[in-house]
Amino acid sequence: MANLTLLQAINSALREEMRRDERVIVLGEDVGKNGGVFRATEGLFDEFGAERSVDTPLSESGIIGMSIGMAMYGLRPVPEIQFMDFIYPAFDQIVSEAAKMRYRSGGQYTVPMVIRTPYGGGIRGGHYHSQSAEAYFAHTPGLKVVIPSNPYDAKGLLISAIRDEDPVIFMEPKRLYRSLKGEVPETDYTVPIGKASITRAGKDISVFAYGAMIPICLEAAKKAEEHDIDVEVVDLRSLVPLDIKTIINSVKKTGRAVVVYEAPKTGGFGAEIAAIIAEKAIEYLEGPVLRVAGLDTPFPYTFEHIYMPDSRRVFEAIEKVINF
Amino acid sequence: MANLTLLQAINSALREEMRRDERVIVLGEDVGKNGGVFRATEGLFDEFGAERSVDTPLSESGIIGMSIGMAMYGLRPVPEIQFMDFIYPAFDQIVSEAAKMRYRSGGQYTVPMVIRTPYGGGIRGGHYHSQSAEAYFAHTPGLKVVIPSNPYDAKGLLISAIRDEDPVIFMEPKRLYRSLKGEVPETDYTVPIGKASITRAGKDISVFAYGAMIPICLEAAKKAEEHDIDVEVVDLRSLVPLDIKTIINSVKKTGRAVVVYEAPKTGGFGAEIAAIIAEKAIEYLEGPVLRVAGLDTPFPYTFEHIYMPDSRRVFEAIEKVINF
Amino acid sequence: MSSEIIQVLKEDGTVSPLFKKETDLTEQDLKKIYETMILTRVYEERSLKLQRSGRIGFYIGCKGQEASHIGSAYALKMDDWVFPAYREPGVLFLRGIALKTMICQMMGNAGDPTMGRQMPCHYSYKEGNNGSVSSPLATQIPHAVGIAYAAKYMKHKIVSLTYFGEGSTSEGDFHTGLNFAAVFKSPVVFICQNNQWAISVPVARQTVSESIAIKAKAYGMPGIKVDGNDVLAMYQVTKDAVERARNGDGPTLIESFTYRLGSHSSSDDAARYRPEGELESWEQKDPIIRFEKYLLSENILTPESIKKIKDDAEEEFTQAVKEAEKVGLPPLETLFTGVYKDMPESLREQMEDLINEQKRLGASEDNSMAFPL
Amino acid sequence: MSSEIIQVLKEDGTVSPLFKKETDLTEQDLKKIYETMILTRVYEERSLKLQRSGRIGFYIGCKGQEASHIGSAYALKMDDWVFPAYREPGVLFLRGIALKTMICQMMGNAGDPTMGRQMPCHYSYKEGNNGSVSSPLATQIPHAVGIAYAAKYMKHKIVSLTYFGEGSTSEGDFHTGLNFAAVFKSPVVFICQNNQWAISVPVARQTVSESIAIKAKAYGMPGIKVDGNDVLAMYQVTKDAVERARNGDGPTLIESFTYRLGSHSSSDDAARYRPEGELESWEQKDPIIRFEKYLLSENILTPESIKKIKDDAEEEFTQAVKEAEKVGLPPLETLFTGVYKDMPESLREQMEDLINEQKRLGASEDNSMAFPL
Ligand SMILES: Cc1ncc(C[n+]2csc(CCOP(=O)(O)OP(=O)(O)O)c2C)c(N)n1
Ligand SMILES: Cc1ncc(C[n+]2csc(CCOP(=O)(O)OP(=O)(O)O)c2C)c(N)n1
Ligand SMILES: [Mg+2]
Ligand SMILES: [Mg+2]
C-alpha cells in the first residue's frame with residue numbers, strides 16, 4: 001500500500017499495465033517527454049520509450065482515429081485527450097466509429113481502447129477547461145463511461161478499463177487529481193466496471209453522484225447528520241454499464257432521492273437516473289427526485305464556485321426532499 | 001392555403017425567407033444545383049443563384065464554421081447537414097463555438113444560424129442515415145433545438161428559427177418528409193419556438209413526444225380510445241427552450257405520463273422529460289413515468305421496424321401505466 | 001511532378017515497351033485481374049437489377065472504377081490490410097470473399113456475417129484484412145494509419161492501404177490521417193479515387209489545388225497522379241508505393257484520376273447535374289474495354305475466352321443469389337448482441353421485453369420506406 | 001519558393017535599400033509599430049507578475065512574437081477583421097482597445113465587457129472587428145472564411161485575417177478553412193505563427209512537410225514563409241496578401257517563422273522540454289532589439305525617446321491596473337444572461353433559485369484551485 005493522490009494512482013495504473021502488457025500504448029498531446037500537462041503519464045516516456053509513450057500531432061480526431069486502428073490490430077491504446085473540452089473534434093471518430101465497430105462488423109473488429117480525459121470544474125479553467133461531457137457519451141451505445149472518485153478506484157477501474165474488450169471513456173476528476181489522497185495497493189488489482197459503490201450507507205435518503213461530486217455529497221451528508229438525516233451516498237463509478245439494481249435498491253430502502261452532477265442540468269446524465277427511478281421505483285418514493293447540477297449556461301470563469309454544486313446546495317436539496 | 005408535404009413546407013419556408021431577406025443564405029453538400037438529396041432546397045439555386053444557394057466542399061466542420069462567420073457578420077445562414085448522422089465532424093464548431101459565442105463575447109457577437117438536418121429512422125438507412133441526435137444538442141446551453149411534426153409547424157417553426165437571434169438545430173423528421181401532407185399558408189407566418197402543442201387533448205394519461213413519433217402516438221391514442229382510455233398527446237415541438245408549464249399542467253390533469261422518442265433510450269431527451277415530472281409533479285403521479293424509445297444499440301438495418309417505437313409499443317406502455 | 005499523369009496502357013490498348021519488359025505481372029496475373037474486373041462489373045449490373053426489383057434495398061457502385069481499385073489492390077500481399085470506402089467490391093473478390101456472403105450482406109439476412117446490421121455494400125471482411133465499411137466519409141483514413149503504426153510497432157512487415165473519394169479529401173480526417181502517417185513514417189498507401197464527382201458536386205467545387213496528388217506536399221510525402229482507368233499503371237504505381245512503405249520509407253498519396261460512370265447510388269440520378277456529353281466521353285475510356293484490347297492483342301485472351309469469363313461471372317452471380325435468397329432473417333437476438341462483448345443488464349432487459357412483445361403480438365409491421373439517395 | 005524565407009530587416013538592424021525605397025511606412029508608422037511592440041512586451045512582463053502575485057489567474061503570452069503579429073496587423077485597415085488565437089494582444093492595442101479593459105478581462109471583473117465569463121487572455125473586441133478568442137484551437141479559421149464570404153457577398157471591400165499556431169495546422173479546421181477560402185476565393189489572409197512549439201511538442205513532431213508555407217499548395221493558394229522576427233517583412237508580406245485579397249484574387253497562407261521566448265503559459269515550464277541553448281540562440285533574434293537597432297540607426301528614435309516610450313508603457317500599465325483593481329465583480333445575474341437573447345423560463349428559475357440561495361446563505365465559498373497549465 002502507498003498513500004497516493006488520484007493522479008499518482010492513474011500514473012501507477014498506466015505503468016503497471018504497460019509493464020504487464022506490451023500491447024498497451026499511451027498517446028496524445030504532450031503525453032510523452034512532458035509527461036502530460038497534468039503529469040499523468042510522467043515517467044512513462046523514460047521507461048517505455050517514444051514508441052509507447054507517443055507525442056502526437058495536435059489533432060484529437062487523429063489521436064482517436066489512429067487509436068481505433070491500433071486497437072483493431074490488437075494493441076491496447078490509451079489515448080489521452082488533454083481536456084475533455086477538447087474531445088469534440090474527435091466526436092465523430094468516437095461515436096460513429098469506435099462505438100459501432102464491434103456491432104457493425106459482427107464482432108470481426110473490436111476497439112479495446114481507453115480514452116483518458118480530465119473533466120470538470122474547480123481549477124479556474126473557464127468555458128473550455130471545465131466541462132463534464134459524460135451525457136454525450138453515455139447516450140452512445142457501444143461506449144462505456146467510467147468515472148472514479150478516489151485514488152483506489154481510479155487505479156482499479158483504469159486497469160479494468162485497459163483490460164476491457166470495448167471502448168471506454170475514462171473521465172478523471174481533475175479537481176481531485178492532487179487534492180485527494182488515499183491508500184492504493186502497489187501491485188495491480190481491478191475494480192469491476194458496472195458496479196456502483198455505497199460510499200456511505202444511510203436510511204433516510206439516497207444521493208447519487210460520481211467523480212468530483214462524491215466528496216461534496218459526503219460533506220452534505222455530514223451536515224445532514226447534524227440535522228438527524230441519515231444520508232446514503234451512492235458512487236455510481238460507471239454510467240455505462242449502469243448499476244441499476246443498486247440504485248433501485250437504495251431508493252426502495254430510503255424512499256427519497258437526490259441526484260448530483262456538475263454538467264448543465266438539462267439533459268445531463270442525472271436526468272437518466274431520475275427517469276429510471278420514476279420508471280422503476282415510483283411506488284417507493286416519498287418525495288420528488290431532485291437534481292443538483294451545473295447551470296444551463298456555458299461554464300463560467302469568475303463565478304465558477306457559484307456555478308458548481310457545493311455541499312450547501314446538496315444539503316438544501318436533501319432537506320427539501322425530506323420536508324416534502 | 002396549399003396542401004403540402006412536410007418537405008414542400010420546408011422548401012416554401014426557405015423560399016419565402018430568401019425572398020424577404022437577402023441575408024438568408026443556404027449552404028451545404030448538394031444543396032445547390034441538385035436541390036439537396038431530399039430536394040428540400042429545390043429551385044433555390046435557380047431563383048437565388050449560386051452565391052445564396054451554395055454547394056460547399058465536403059466538410060461539415062467547414063459548413064458550420066463558415067456559417068458561424070457569416071452569422072457573425074450579419075447574415076442569416078441556413079446550413080444543411082445532409083443527414084444528422086453526419087453532424088459529428090461539426091460537433092466542435094457547434095458546441096464549442098456557435099453555442100457559446102454570444103455568452104463568451106458578452107453579446108458582442110451572435111450566431112443567428114439555423115442548422116437544418118433530416119433525422120430519424122424509417123427509410124432503411126441503417127446505422128448512419130437514421131440517427132436522432134437531439135439529446136446531444138439539447139444538453140448544450142446556447143443552442144435551441146426545434147423539431148416539427150407536421151407541414152404547418154414545419155414552415156412556421158423554420159421561419160421563426162431563421163428570424164431567431166440564436167443558433168437553432170432544426171431537425172426534420174425525414175420519415176414524414178413525403179408521407180405527411182397538410183394545409184399550409186402560402187404566405188409567411190410563424191409558429192413560436194418554445195411552445196408545445198396539445199395535438200390531442202385527453203384526461204387519462206399524457207403522452208409526450210415530438211417529430212416523427214407524433215403520428216405514432218396519435219395512432220396509439222386511437223387504439224387506446226377503443227379501450228376507453230382518453231390520451232392526451234403533447235407535441236413538444238421545441239426541446240430547448242422547453243415548454244415545461246404545458247408538460248406539468250398536462251401531468252397535473254392526467255396524473256400519468258409516457259414519453260416517446262426514437263433515439264436510444266439511455267440518456268435520451270425523454271429522460272429529461274421524465275426527470276422534470278419526477279421533480280415537479282411527483283405528487284400528481286398515479287403510476288410510473290414510462291419511456292418508449294429506441295434501443296440501446298446502434299440503429300440497425302434489417303430490424304429497423306422493430307427497433308423503432310411503434311403504436312403497439314406506445315399503446316402497451318399506456319396500458320401498463322393505466323393498470324398500475 | 002504532381003500534376004503529370006502516369007499512364008502505361010494507352011487508350012488504344014497498347015502498352016509501353018518498358019513496362020512490358022519490367023513488369024512482374026504474369027499472364028496468370030493479368031487474367032486474374034481481368035476476371036475480377038468482369039466479376040465486379042457483373043456484380044454491379046446485377047445488383048442494380050436486384051435493387052430495382054426490390055430484392056435489395058440499396059446499391060452503391062463502381063462502374064468505371066474497376067481498374068482503379070482492382071489494379072491497385074492487386075499490388076498487395078494477402079496479409080496487408082485494406083480500408084476501403086464503399087466503391088471497392090473488387091478488393092473483396094481479390095481477397096477471396098464468397099459472392100454469396102456479399103449478396104447476403106446486401107440482403108441483410110442471416111448469411112451476412114454482420115447480421116443485417118448495416119446498409120447494403122457496407123461489408124466487413126476480417127479474414128481478408130479488409131476493414132469495416134462505414135458511411136461517414138474519410139473516417140477510415142486514420143484507422144489505416146493506426147493499423148500501420150501497430151504493425152510497425154509489432155515488427156510485422158505489412159502495409160496498410162486505404163481508399164477514399166476526392167470529395168472526402170475535404171474532410172478533416174483526410175488531413176489528419178495523412179499528417180499522422182507522415183510524421184510517424186507509417187507504412188500506408190493512400191489512394192484517392194478522384195472520380196470527378198461527390199454526389200452532385202464536381203471536383204472543381206471540392207478543391208482548386210492543381211491536383212489531388214499535390215496535396216501530398218502538405219504532409220511531406222510523395223504524391224502521384226495516375227490514370228485510374230489504366231489497370232496496369234494503377235498496379236505499378238501502387239506496387240512501388242507499397243514497396244516503399246514496406247521498406248520503411250513511409251507513406252504515399254496516389255491520385256487515381258478516373259470517373260464514376262454510374263449515378264452516385266441506386267437512389268441518385270446523375271442526369272440532374274452531369275454536363276451533357278461528359279458521360280459519353282468517359283465511356284470511351286472504359287477501363288475494361290481498354291484492358292480487353294490489350295489482352296486480345298497479346299493473345300492472352302480470345303473473344304471466346306472473354307465470353308466464357310463473362311458468362312461464368314453471370315452464372316456465378318445467379319447461383320449466389322439463389323443461395324442467398326434461401327437464407328432467412330438473422331435471429332432477433334442479433335439486434336441486441338455485440339454492442340459490447342458482454343450484454344449490459346439494461347440491454348438484456350430491453351431484449352427480453354421486445355422478444356416477449358413480438359411473441360405476444362406477432363412481428364412488428366415493416367413499413368420502412370425506400371432509401372432516398 | 002515556399003521554403004525560401006523572406007527577410008527585409010537583417011539581424012544587425014540594416015534594411016534592404018529596395019524596401020526602403022518602396023515602403024509606404026512613414027516615420028509615424030514606424031514609431032507607432034515600435035510603441036505597440038513595447039507596450040505588448042510590457043503588458044506581458046507585468047501581467048506575468050500580476051499572475052505570480054495572484055491578482056490574475058492565468059496568463060498566456062507572446063514574447064518574441066511581437067513583430068509577427070503587430071507587423072502583420074498593421075497592414076490592415078480598421079474595417080478589416082481579425083480572428084486571433086491567443087498570442088496577439090498587440091492587435092488589440094493597434095485597434096484601440098483600452099488597456100484597462102484588457103486587464104479587467106484578465107481579472108474577470110465587471111470592467112470586462114465579457115463579464116468574467118472566460119479565462120484570462122480570451123478577449124472579444126467587436127468595436128475593433130477583433131473576433132472572440134476561444135480555447136479550442138483552429139476553430140476561428142473557418143469563421144474568418146465565413147466573414148470574408150459574407151463581406152464579399154455584401155460587396156464590402158474588406159479583408160479578414162486570422163492567426164493560429166503551427167500546432168493548430170494539424171487540426172481539421174485548418175484544412176477545411178483554407179480549402180473553403182480557396183474554393184470560394186474569399187478575401188482571407190491566414191497567418192501561421194510558427195513559434196516552433198505547441199506546448200511541449202516541437203514542430204518536427206507536428207509535420208514533416210518542407211515548411212508550413214508549402215501547405216498552401218494543397219489548397220491552390222500562394223504560400224509564403226517570412227522571418228517572423230522581422231517586423232518590416234511581416235508588414236510587407238501581409239500588405240501584399242491583403243491587397244491581393246481585397247482585389248478579389250483570393251486567400252494567401254503566410255508562415256511567420258518565429259519563436260516563443262516564454263513558456264507556453266503561466267502554468268508551464270518550458271525548461272522541462274526545451275533543448276539546451278535553443279532559447280538563448282533565439283533571444284539573439286529578439287524582434288524588438290532588431291527593430292530598435294534600425295530605428296536608432298535611422299535616427300527615427302533616440303535612446304532617450306526609447307526610454308520614454310518604455311517608461312510611458314510601464315506607467316500606462318500601472319495606472320490601468322490601479323483602475324482595474326477598483327472594479328468589483330460582475331453582477332451575479334451575468335452568470336445567467338446572454339446564453340440566449342431571451343432567457344428561457346428554466347434558466348430564469350435557476351437564476352432565481354441561486355440568487356435566493358446566495359441571499360439566504362451568503363456567498364458560496366471560492367475554493368477553486370489554480371489553473372495547472
Ligand atoms: C461525413 C459525411 N458527410 C456526408 C456524407 C454523405 N455522402 C455520401 S457519399 C458523398 C459523396 C462522396 O464523394 P467522394 O468522397 O468523392 O466519393 P465517391 O462517392 O465519389 O466515391 C456524400 C456527401 C457522408 N456519407 N459522410
Ligand atoms: C482542440 C484543442 N486541443 C488541445 C488544446 C490544448 N492546447 C492549448 S495550446 C496548445 C498548443 C498550441 O500550439 P500552437 O498551435 O503551435 O500555438 P502556440 O501555443 O504555439 O501559439 C494545446 C495543445 C486546445 N486548446 N484545443
Ligand atoms: Mg468522388
Ligand atoms: Mg506553436
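Chain letters run A, B, ... following the sequence lines, proteins first, then strands; residues in each count from 1.
- Of the listed residues (A:Gly270, A:Pro288, A:Ala99), the one with the most heavy-atom contacts under 4.5 Å to chain B is A:Pro288.
- Residue contact with chain A, scored on non-hydrogen atoms closer than 4.5 Å, involves the side chain of B:Gln131 exclusively.
- A donor-acceptor contact shorter than 3.5 Å is absent between the side chain of A:Tyr88 and the backbone of B:Ile94.
- Looking at B:Arg104 and A:Tyr301, their side chains never bring a donor and an acceptor atom within 3.5 Å of each other.
- In this structure, A:Arg291 CZ and B:Ile276 CD1 are separated by 6.0 Å, a value rounded to the nearest 0.5 Å.
- Ring-plane geometry between A:His139 and B:Tyr136 is classed as perpendicular, the angle between the planes exceeding 60 degrees on a 0 to 90 degree scale with a lower cut at 30.
- In this structure, no portion of A:Glu60 lies under 4.5 Å from any heavy atom of chain B.
- Within 6.0 Å of atom OH in A:Tyr284, 12 or fewer heavy atoms from other residues, nucleotides or ligands are found, so the atom counts as exposed in its surroundings.
- Between chain B and the residues A:Ile273, A:Val259, A:Thr140, the most heavy-atom pairs under 4.5 angstrom are made by A:Thr140.
- If you measure heavy-atom distances from B:Phe86 to chain A, you find no contacts under 4.5 Å at all.
- Taken from CD in A:Glu272 to CD in B:Glu272, the straight-line distance is 11.0 Å, to the nearest 0.5 Å.
- With chain B as the partner, the residue from A:Ala274, A:Ser96, A:Gly142 showing the most heavy-atom pairs under 4.5 Å is A:Ser96.
- The contact between B:Lys265 and chain A is made by backbone and side chain atoms together, counting heavy-atom distances below 4.5 Å.
- Contact count versus chain B (heavy atoms, under 4.5 Å) is highest, among A:Ile282, A:Ile277, A:Val95, A:Leu242, for A:Ile282.
- The minimum heavy-atom distance linking B:Pro298 with A:Pro141 is given by the pair N-CB, 4.1 Å.
- No other option in B:Ala138, B:Pro300, B:Gly268 has as many heavy-atom pairs under 4.5 Å with chain A as B:Gly268.
- Rounding to the nearest 0.5 Å gives a distance of 6.5 Å between OG1 of B:Thr266 and CZ of A:Phe269.
- Note that CG of B:Asp92 is 11.0 Å distant from CZ of A:Phe91, once rounded to the nearest 0.5 Å.
- Residues satisfying the side chain to side chain contact (heavy atoms under 4.5 Å, CB included) criterion with B:Ala317, sequence neighbours excluded, are B:Val258, B:Leu290, B:Val292.
- Contacts of A:Val289 with chain B are made by both backbone and side-chain atoms, with heavy-atom separations under 4.5 Å.
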